[in-house]
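Quick caveat, the model's predicted, so the values are computed rather than measured. In what follows, every heavy atom counts, from backbone to side chain, and hydrogens, waters and symmetry copies are set aside.
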Amino acid sequence: MRQWMLRITAYAEKLLADLDTIDWSDSLKEMQRNWIGKSEGAEVVFEIDGTRIRAEEEYEKVTVFTTRPDTLFGATYMVLSPEHKLVRSITTQAQRAAIEEYQKITASKSDLERTELAKEKTGVFTGSFAINPVNRERIPIWIADYVLASYGTGAIMAVPAHDTRDFEFAQKFNLPVVQVVEPPAGKDWQGFTDDGVAVNSDFISGLPTQEAKKKITKWLTDRKLGKKTINYKLRDWLFSRQRYWGEPFPIIWKKDAAGNLYHEALPESSLPLLPPTLEDYKPTADGQPPLARATDWLHLPDGSLRETNTMPQWAGSCWYYLRYLDARNTGAFVGKDVEAYWMGKSEVTKPGVDLYVGGTEHAVLHLLYARFWHKVLFDLGQVSTAEPFYKLVNQGLILGEDGQKMSKSRGNVVNPDDILVEYGADAFRLYEMFMGPLQDSKPWNTKGVEGVYRFLGRVWRLFVDETSETEFEQAETTATDKANVKLLALIALNASIKDVPASPGQLKPLHTCIKKVTEDLDAMRFNTAISAMMVFISEAMKWEIQPVSVLATFLQLLQPFAPHLAEELWSKLQALQAGAPATSLPYTAWPKYDAALLVEAVIEIPVQVNGKLRDVIKVAITATAAELEALALKNENVQPYLAGKTVKKVIVLPKKLVNIVAV
RNA sequence: GCCGGUGUGGCGAAAUGGCAGACGCACAGGACUUAAAAUCCUGGGACCAUAAAAAGUCGUGUGGGUUCGAGUCCCACCACCGGCACCA
């Protein structure tokens with residue numbers, strides 16, 4: 001079957017290097033690094049003994065990949081993957097049956113079986129020998145399924161003394177183990193896989209691992225027996241599917257004069273290419289993808305044929321954030337100006353998507369694929385930035401009430417719809433933000449929703465007159481038209497809310513709250529921002545008169561957390577404020593706090609003796625270090641702890657604390 | 001096995017190296033009520049003590065270390081969560 005691949009491996013290096021330029025969590029970056037799996041090493045060419053008849057002929061050769069070329073002198077055998085193309089030609093007559101049997105067994109195993117049954121090493125000797133290029137030693141060539149055809153060259157040199165897998169294999173099949181690395185004192189050289197010093201290795205003996213690698217790689221390169229190589233675990237991306245639902249490829253197939261097929265991209269003028277309407281979405285009888293059923297669509301007037309594979313689901317998720325910027329643009333996938341405005345860097349916007357919040361389940365696939373597409377578009381000059389998502393936050397998983405992952409089988413699923421009906425969207429939203437840090441996984445607790453629901457109730461009662469609410473409720477029960485919005489007009493504000501200037505004692509808690517909420521929003525610490533608002537409300541409930549200006553500012557702070565409630569109360573407040581323009585909350589300027597209002601005249605200073613708290617004293621904020629020290633030393637709760645001791649030192653931090661060191 | 005993260009009351013959690021447990025849940029006591037719900041007030045880490053308190057001792061997974069002072073910094077270990085896993 002002919003399939004399409006995207007050459008993501010060509011971007012492996014950029015995808016890896018640019019991780020350093022983006023603000024993602026370490027764990028996420030690490031997952032991508034592991035997925036890309038860069039490893040530096042060398043390819044080494046081994047000749048196969050007995051594969052030439054005359055001296056002037058070349059031997060058959062096998063190339064292996066190793067990250068430890070410095071251990072080449074310790075290679076005591078070689079392993080090819082069972083699928084390696086040379087296996088057939090080098091297998092001797094005596095070994096042929098055993099080899100073919102082993103290949104058959106391997107082929108019948110799934111990838112999963114091959115790795116899960118990995119405890120015990122298996123393999124078969126081919127009967128042939130390779131020649132170690134550094135010392136001309138003959139080493140046996142085996143095949144074994146612990147060597148993967150898809151990685152490196154599909155062949156390895158085995159150094160059992162310094163590789164765990166090779167060591168296990170050598171033990172099982174009684175192959176020789178030769179030490180070529182001297183570990184640090186106290187460690188056994190057998191199975192030692194870290195860096196050490198080369199031994200028994202001719203011209204690299206005595207060199208530390210890193211230098212030994214360089215020297216032997218150069219030696220091999222000079223003699224054309226090998227070269228420095230970088231390998232990636234990242235594979236090219238199989239990008240076609242044989243089903244209907246997916247974007248069709250804008251590709252057509254033609255025949256040249258000799259009758260050979262070749263393909264061409266559709267011109268930009270015939271984009272976007274839409275899928276044809278089909279009655280039947282199944283593949284054709286002869287195994288063609290469903291699109292082949294649309295004969296009118298399939299055949300172009302000039303005799304060429306359309307590609308019938310479709311793209312996988314990933315295709316859309318790789319660029320949707322760009323299309324969203326300019327979704328109605330019929331001339332391009334996104335307008336250049338629009339793209340530059342939203343994705344480019346400016347004084348107000350960060351480069352790329354400002355903030356991307358998503359779950360870890362996308363850590364390697366979606367997030368790597370999207371970065372790849374974006375980089376291709378960037379190299380084509382179609383987008384302004386090299387990365388799509390400079391700042392990314394993984395929200396934590398909400399677990400069931402039992403602390404387990406929610407799942408139907410466990411029966412611990414909480415349906416948001418039920419919560420919305422019971423407590424409303426504001427309470428639901430507020431609770432999710434209040435539960436704890438955004439990035440953490442944490443268990444759901446419906447009682448906790450009641451807590452924030454009660455807080456919203458307190459906010460409501462701070463603003464709304466109770467008797468008017470009762471009237472509203474009665475009117476609502478008797479009303480014939482339940483949806484009558486005018487009934488809401490019955491709800492009146494508390495008489496204690498007045499358009500009067502705020503006192504310093506009222507401004508201080510307000511500005512404390514503005515500061516905390518502002519800072520916490522920036523750092524996405526929603527839980528502590530909400531806590532600050534709870535503290536403010538408890539305070540404001542104690543006041544006899546609530547100035548409109550103070551409550552209005554509070555609503556601005558509440559708006560991002562509980563938008564519906566805040567907007568409703570805001571509209572009521574505006575009626576009280578003479579000449580206030582009728583604006584909607586999200587369009588008002590975010591409040592600023594006045595640091596001067598937060599300063600305390602008298603503060604509490606903890607007094608410690610040898611680091612232990614003994615008293616707290618109240619002092620003027622202006623108290624000097626000398627005054628604090630004097631006050632602390634003569635403090636009656638402190639005195640007993642100084643009795644019979646000498647004061648060695650007194651640590652005084654004005655506005656902070658006093659610590660007396662006494663021995 | 002390797003990589004990343006997290007360990008603080010009964011529970012969710014706070015805490016620029018400086019009063020551990022803010023805020024919330026659950027719980028207990030009280031007020032209002034004929035009663036309940038709702039609401040409001042009060043209490044609360046553990047231990048020891050007491051009629052009740054005060055005072056005291058211990059306390060942020062475990063063991064060390066740095067510091068006048070460590071939940072916070074350093075070293076070792078344990079447990080849990082997530083990811084990768086014969087990648088040479």
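Set against B:A88, B:C86, B:G18, the side chain of A:S39 has B:A88 as its closest nucleotide. Of the candidates B:G4, B:A88, B:C19, the closest approach to any side-chain atom of A:E30 belongs to B:G4. Counting only heavy atoms from C-beta on, A:Y151 has its side chain closest to B:A88 among B:A88, B:C19, B:U57.
The nearest whole Å value for the distance from the CE atom in A:M433 to the P atom in B:A13 is 17 Å. Between the CG atom of A:L462 and the P atom of B:C40 there is a distance of 12 Å, given to the nearest Å.
Contact annotation: A:N445 does not reach the phosphate of B:A26 (side-chain N/O to OP1 or OP2, under 4.0 Å). The side chain of A:R33 contributes no N or O atom lying less than 4.0 Å from OP1 or OP2 of B:C84. Under 4.0 angstrom from either OP1 or OP2 of B:C25 there lies at least one side-chain N or O belonging to A:R454. A:R458 has no side-chain polar atom (N or O) that falls below the 4.0 Å cut-off from OP1 or OP2 of B:G24. The shortest distance between the side-chain N/O atoms of A:Y641 and the OP1/OP2 oxygens of B:A55 is not below 4.0 Å. For the OP1/OP2 pair of B:U67 and a distance below 4.0 Å, the side-chain nitrogens and oxygens of A:K649 include no atom meeting the criterion. Neither OP1 nor OP2 of B:C23 sits under 4.0 Å from any side-chain N or O of A:T528.
Across all strands, A:K442 comes closer than 4.0 Å only to sugar-phosphate atoms, never to a base (heavy-atom distances). Backbone-only engagement by A:N527 is indicated by non-hydrogen atom pairs under 4.0 Å involving sugar-phosphate atoms exclusively. Within 4.0 Å of A:V661, counting heavy atoms only, lie sugar-phosphate atoms of the nucleic acid but no base atom. Using a 4.0 Å heavy-atom distance criterion, A:K656 is classed as a base contact.
Two rings, from A:F169 and A:Y146, have their centers less than 6.0 Å apart. A distance below 6.0 Å separates the ring centres of A:F554 and A:F536.
Spacing between B:C3 and B:U8 at atom P, rounded to whole Å, works out to 24 Å. Annotation: B:A14 and B:U72 have their C1' atoms spaced 13 Å apart (nearest Å). Atom name P, nucleotides B:C74 and B:G4: the rounded distance is 14 Å, in whole Å. When the P atom is compared between B:A88 and B:G69, the two are found 48 Å apart, to the nearest whole Å. The gap from the C1' atom of B:A79 to that of B:A31 amounts to 47 Å, rounded to the nearest Å. Nucleotides B:C58 and B:C48 are separated by 15 Å at their P atoms, to the nearest Å. Between the C1' atoms of B:G71 and B:U60, the separation comes to 5 Å (whole Å). Across the C1' atoms, B:U50 and B:G56 are found 13 Å apart, a figure rounded to whole Å.
Ring geometry for A:W314 versus A:Y369: interplanar angle over 60°, hence perpendicular rather than tilted (30 to 60°). A perpendicular orientation is assigned to the rings of A:Y151 and A:F65, their planes being inclined by more than 60° (bins at 30° and 60°).
For A:R33 and A:W24, the positive end is not near the middle of the six-membered ring at less than 6.0 Å and at most 45° from its axis.
Using the Watson-Crick or G-U wobble rule with both distances under 3.5 Å, B:G18 pairs with B:C68. Nucleotide B:G24 forms a Watson-Crick or G-U wobble pair with B:C11, both donor-acceptor distances falling under 3.5 Å. Using N1 to N3 plus N6-O4 or O6-N4 for Watson-Crick, or N1-O2 and O6-N3 for G-U wobble, each under 3.5 Å, B:C84 pairs with B:G1.
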